[in-house]
Novice: 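One structure follows; several queries about it will come next.
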2 protein chains.
Amino acid sequence: MRNEIMPVRHGTMRARNLAVVLGEISRRQPVSRARLADVTGFTKTTVSSLVAALKAAGLVREDGPVRDGERGRPATAVSVNGDRVAGLGLEVNVDYLAACVLDLGRRIRHRHIVAADNRGRAPERVIGALTDLAERAIAAAGDQGLTVAGAVVALPGTLDRAGGRVRTAPNLGWHDVAAGDLLAAGLPRLALPADQDNEANLAALGELWFGDGPGLGSYVHVSGEIGVGAGLVVDGRVFRGAHGFAGELGHVVVDPAGPPCACGGRGCLEQVAGQEAILRAAGIPDTVGTSTAGPDGPLAALVALLRDGDEPALAAVRRAGEALGQALSAAVNLVDPDTIVLGGIFSALAPWASPAVEEALGAGTGVVRHAALRLTVSRLGGDAAALGAAALVVERIMNDPALLMEAPARPHGR
Amino acid sequence: MRNEIMPVRHGTMRARNLAVVLGEISRRQPVSRARLADVTGFTKTTVSSLVAALKAAGLVREDGPVRDGERGRPATAVSVNGDRVAGLGLEVNVDYLAACVLDLGRRIRHRHIVAADNRGRAPERVIGALTDLAERAIAAAGDQGLTVAGAVVALPGTLDRAGGRVRTAPNLGWHDVAAGDLLAAGLPRLALPADQDNEANLAALGELWFGDGPGLGSYVHVSGEIGVGAGLVVDGRVFRGAHGFAGELGHVVVDPAGPPCACGGRGCLEQVAGQEAILRAAGIPDTVGTSTAGPDGPLAALVALLRDGDEPALAAVRRAGEALGQALSAAVNLVDPDTIVLGGIFSALAPWASPAVEEALGAGTGVVRHAALRLTVSRLGGDAAALGAAALVVERIMNDPALLMEAPARPHGR
DNA sequence: TCATTTCGTACATGCTCTGGACTAATTAAA
DNA sequence: TTTAATTAGTCCAGAGCATGTACGAAATGA
């Protein structure tokens, strides 16, 4: 019904085809124009013209002659130019801020996390500190000859992405904050408009790019920090649902008779498998202020107890894993992924939680389905969402390089 | 990662723009070329050319002069031509077969349901009966001057859509059946290749087109028959997940301690809210053979008991509603729809089940979210999936009318 | 040294959208 | 009744982009 098929004009066609060629270059890295013509179906002429435009924009580089086949003139390989354009990823979380710079070649050029207790702090202050971080990142990029083309901010809450506002970020204590405007005020104007997205979605994207590798196509990425969220990736695309609130794993009911949750529901997963719940059940005081992720945080204390075989801690984590597995089985039945990736605090707890997760997952998914399902653990650090945010900028450029090219590429607007 | 951006050539551009114009015509029905130019952004020249092509293909019709504004030359209105091309929808279900013909103007031209106990019957026999039904439908369409351009079959099971095979349809007793080939053998070659899809997905599509109206954008459509399935529609598109098995609501766990299910899991929704479970709990023998949907079926008996205030029946339906609401709350948290539509047997049971569904739904979704959520009941009959199947054919044509147009529209393949 | 093979570019061609001029049909005003 | 204004739709040149053939460039092998 709501089909949104947009008109295609010459400019759109060109823009699209630039993206096709750039994408294929990125996928096959040093690759000749002839081979590009082969795989895209374009004529050699068209490929040459598209590559020339990409080269002029600094997005692509000629690597010099390479012998591809056995006879014949050697090809001049082209590859993505990672030394000119980069994306900036930013992240606001409850107990830290993060920034990272990712170049078009997918190399991380800068990465910085600072601990900060943002719980209840005024949004202006938080965004102020974040823009400081962003400025330093942009400067660092500049030192390496990189131009930062755009930025995305990861925020832990429900967003109105179109309006650039945060509706609610309960763990930050934010309500209806114009984060976009605040950020725009502090950042230099970039070529691409700054954007924001949910922390869980971006962490999932980070996993796709830097985690278990490009083999992952469709998966549920659990990103438990203070809350429990999930990013749903289907065929390499983040699935956001109708309003962008999909993947709220933390509020899936795992025990209808359970305790009431702040969300208004009852027996939500977060009540059992959220960080606070786990710590409480394990008998550890949850002191925010010392960074959760840091070596002195309560999470480290929990892991230490687990290592020592402390029974209450083990039971708490087991119970959390069980509930998580149950909620995930619903996600599997409804969203049909290949893989489940445990991220956030669960990647640290995985050695003790995984068996319970696995078992509950098995009980909640059919035999056939369960056999095809993989359960993996994220190897990414706490700033997975910042990485994903930067990846989103790069992805956006790769999907529409014309955004960064001179006017001729899109002559008639749109 | 897996981005699938396809090259765009002139033919693709044209094909796309034909779809844009056709879609806008369909949306605004009698509409002038001038207005089309306005809303699409094309020049008047381009619109004229596109409309001419659509008219030549018989997809669009000129309605005669209409005074649109107040001054100036009156416009000649164009609208979708519903009298030339139609789509055929077919449905195989446990206790009936259905066919329907839908013209491009979205009018149902033919609709036929026959009761049949397909449980355990040989697939060849079932498909044979279905092709008979299809032939009669095609003949009926021909009598009305319509050409059937394509067909889609709704099947109650997990499908390998690309390969045209049914993997498993437990309630039919089918395993790895080449339904596509069987059907192709019996049907005349249509302009578009015949396709198949899951019954739940198509029922959801049927609801989108013929149910509570175009207002619905994103919703979960529960289609309980023998099993319990759900079709997920996000922004007017069916969401199929990675392998096409999304929306398996029937196997979401509602009670981890519950009875084992045939799927290998434990405490699945289907064990509580499936038709058999409800009937058993209500003390009614589940005799398949008499059509479930018919006036003498066990479902009618259940409704009669409910009308009489029979307590075991009321309790069974209440319990089913509760479990359904709980499973649906997971779907809401994960997929983020606007609306829940109760279809299948639940539309008949809604008067007694809805309060329990509503309550469980409220307990499992945050306050904010729950306030925005609507719970409605399908007004469609048993053949919702057949309607949806026909709608899918029509949608496919509307999305790419060039498929039905002479070669000139796509000169270079693809 | 020359045929063969493969890579990349040049130039003419064709398809499709754009834009301004023009014709057509109607209402409002003179 | 005539004339100006307004809106609809078509005609025709023009521009953007991909296609296709021809051709020069750079390697291998005989």
Novice: On DNA chain C, does the nearest nucleotide to Val8(A) precede the nearest nucleotide to Ala77(A) from the 5' side, or the other way round? Give the residue.
Specialist: Ala77(A)
Novice: Out of dG16(D), dG8(C), dG20(D), which nucleotide sits closest to the side chain of Thr45(A)?
Specialist: dG20(D)
Novice: Could you tell me how far apart Arg73(A) (CZ) and dA25(D) (C1') are, to the nearest whole angstrom?
Specialist: 5 Å
Novice: What's the closest nucleotide to the His10(B) side chain, out of dC15(C), dA8(D), dG8(C)?
Specialist: dC15(C)
Novice: Quick one: Glu62(B) CD to dA8(D) P, roughly how many Å, whole number?
Specialist: 15 Å
Novice: Looking at Arg161(B) and Gln196(B), would you say the former's side chain and the latter's main chain have a donor-acceptor pair under 3.5 Å?
Specialist: yes
Novice: When all nucleic acid strands are considered with a 4.0 Å heavy-atom cut-off, which category describes Ser49(B): base, sugar-phosphate, or nothing?
Specialist: nothing
Novice: Expressed in angstrom and rounded to an integer, what is the separation of Arg35(B) atom CZ from dT6(D) atom C1'?
Specialist: 18 Å
Novice: Quick one: list whatever passes salt bridge (charged side-chain N to carboxylate O under 4.0 Å, His left out) with Lys55(A), sequence neighbours left out.
Specialist: Glu62(A)
Novice: Is any side-chain heavy atom of Val8(A) less than 4.5 Å from a side-chain heavy atom of Thr12(B)?
Specialist: no
Novice: Nearest whole Å is fine: how far is dC17(C) P from Arg16(B) CZ?
Specialist: 13 Å
Novice: Nearest whole Å is fine: how far is dC17(C) P from Leu18(B) CG?
Specialist: 8 Å
Novice: Using whole Å, report how far NZ of Lys44(B) lies from C1' of dA21(C).
Specialist: 10 Å
Novice: Might you point out which heavy atoms bring Arg61(B) and Gly82(B) nearest each other, and give the distance in Å?
Specialist: NH2-N, 4.0 Å
Novice: Nearest-Å distance, CZ (Phe42(B)) to P (dT10(D))?
Specialist: 16 Å
Novice: If you only use heavy atoms from C-beta on, which nucleotide in dT16(C), dG9(D), dC7(C) is closest to the side chain of Met13(B)?
Specialist: dT16(C)
Novice: Whole angstroms only, please: what is the CG-P distance between Leu50(B) and dG9(D)?
Specialist: 14 Å
Novice: Of all the choices, dG29(D), dA27(D), dG8(C), which nucleotide is nearest to the side chain of Arg33(A) once you look at every atom?
Specialist: dG8(C)
Novice: Is the phosphate of dT16(C) approached by Asn17(B) (side-chain N or O, under 4.0 Å from OP1 or OP2)?
Specialist: no
Novice: Is any side-chain nitrogen or oxygen of Thr46(B) closer than 4.0 Å to OP1 or OP2 of dT18(C)?
Specialist: yes
Novice: Please list, chain by chain and in numerical order, all residues satisfying side chain to side chain contact (heavy atoms under 4.5 Å, CB included) with Arg107(A), sequence neighbours excluded.
Specialist: Asp103(A), Arg109(A)
Novice: Where the side chain of Thr43(B) is concerned, which of dG19(C), dT16(C), dT10(D) is the nearest nucleotide?
Specialist: dG19(C)
Novice: Give a yes/no on whether any side-chain N or O of Arg9(A) is located under 4.0 angstrom from OP1 or OP2 of dG16(D).
Specialist: no
